[in-house]
Amino acid sequence: MGELSKLPNIGKLVEEQLNQVGIKTEEELKSVGAKQAWLKIQAIDESACIHRLLALEGAIRGVKKTALPDDVKVDLKEFYQWNKK
């Protein structure tokens with residue numbers, strides 16, 4: 001496993017998906033952002049769910065997804081509702 005799986009919430013599968021869409025480092029993930037990274041993953045895996053989006057945001061912030069502020073969770077849930085397939 002590589003660098004991304006060392007981040008909170010990122011397991012082997014999500015790391016592999018991030019790598020497949022061209023995101024290979026923590027810096028690249030932060031630069032792209034959770035929403036765009038999730039959209040890229042969704043393009044290759046239609047089962048990408050809200051939990052994956054929350055996990056990506058948590059990884060960027062260095063916290064477990066359950067520790068995200070409520071306003072961030074609400075924003076991400078709205079984004080998910082607009083963009084889910």
Side-chain angles (χ1 to χ4, degrees):
M1 294 204 293
E3 175 182 337
L4 292 171
S5 62
K6 295 175 184 167
L7 299 173
N9 314 308
I10 304 297
K12 184 179 178 185
L13 174 67
V14 175
E15 180 179 44
E16 287 174 0
Q17 289 181 327
L18 287 167
N19 288 180
Q20 284 177 23
V21 299
I23 300 169
K24 299 186 188 303
T25 66
E26 180 178 358
E27 292 75 29
E28 289 172 344
L29 179 57
K30 287 180 177 179
S31 175
V32 169
K35 291 176 180 177
Q36 290 304 312
W38 182 83
L39 286 172
K40 289 174 180 274
I41 288 174
Q42 186 191 38
I44 63 167
D45 179 4
E46 289 186 10
S47 74
C49 63
I50 182 67
H51 299 287
R52 195 157 315 161
L53 177 58
L54 294 169
L56 290 167
E57 183 64 30
I60 289 170
R61 293 172 180 247
V63 299
K64 291 187 177 189
K65 65 183 180 183
T66 55
L68 290 170
D70 288 340
D71 62 323
V72 172
K73 289 179 188 176
V74 168
D75 177 59
L76 292 173
K77 286 176 184 175
E78 288 175 1
F79 175 83
Y80 173 76
Q81 289 299 322
W82 279 104
N83 292 283
K84 69 180 179 176
K85 290 186 177 180

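Note that the numbering runs from 1 along the sequence shown for the chain.
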Could you walk me through whether E28 and T25 pass the side chain to side chain contact (heavy atoms under 4.5 Å, CB included) check? CA-CA 5 Å; E28 289 172 344; T25 66; 3.2 Å; yes
When you compare the side chain of L18 with that of K24, does any pair of heavy atoms fall below 4.5 Å? no
The reported gap from OH in Y80 to NE2 in H51 (rounded to nearest 0.5 angstrom) is 8.5 Å
Honestly curious: do I50 and I44 fall in one hydrophobic cluster under the side-chain, below-4.5 Å linking rule? yes
V32 side chain near K40 side chain, heavy-atom distance below 4.5 Å: yes
Working to the nearest 0.5 Å, report the span between CD of Q36 and CD1 of I23. 9.0 Å
Does the side chain of L39 reach to within under 4.5 Å of the side chain of F79, using non-hydrogen atoms? yes
Side chain to side chain contact (heavy atoms under 4.5 Å, CB included) between K77 and Q81, intermediate numbers included: CA-CA 6 Å; K77 286 176 184 175; Q81 289 299 322; 5.6 Å; no
Distance in Å, D45 CG paired with Q20 CD, rounded so as to fall on 0.5 Å steps: 9.0 Å
Just do the side chain to side chain contact (heavy atoms under 4.5 Å, CB included) check on L4 and N19 with the steps written out, would you? CA-CA 9 Å; L4 292 171; N19 288 180; 3.8 Å; yes
On a heavy-atom basis, which atom in L53 and which in L76 lie closest, and how many Å separate them? CD2-O, 3.4 Å
Assess whether side chain to side chain contact (heavy atoms under 4.5 Å, CB included) is satisfied between L29 and L7, documenting all intermediate values. CA-CA 11 Å; L29 179 57; L7 299 173; 4.1 Å; yes
With rounding to the nearest 0.5 angstrom, report the SG to NZ distance, C49 to K84. 11.0 Å
For residues 55-67, which side-chain N or O atoms pair as donor and acceptor with protein atoms under 3.5 Å away, sequence neighbours left out?
unit_1	atom_1	unit_2	atom_2	d
E57	OE2	R61	NE	2.6
E57	OE2	R61	NH2	3.4

Scanning both residues in full, the closest heavy-atom pair of E26 with E3 reads N-OE2, 3.0 Å
Is it true that K35 and D75 make a salt bridge, defined as a side-chain N closer than 4.0 Å to a carboxylate O? yes
Taking atom types as modelled and ignoring hydrogens, do the side chains of Q42 and N83 form a donor-acceptor contact shorter than 3.5 angstrom? no
dist E15:CD -> K6:NZ (nearest 0.5 Å) comes out at 9.0 Å
Answer yes or no: does atom CD of E46 have more than 12 heavy-atom neighbours from other residues, nucleotides or ligands under 6.0 Å? no
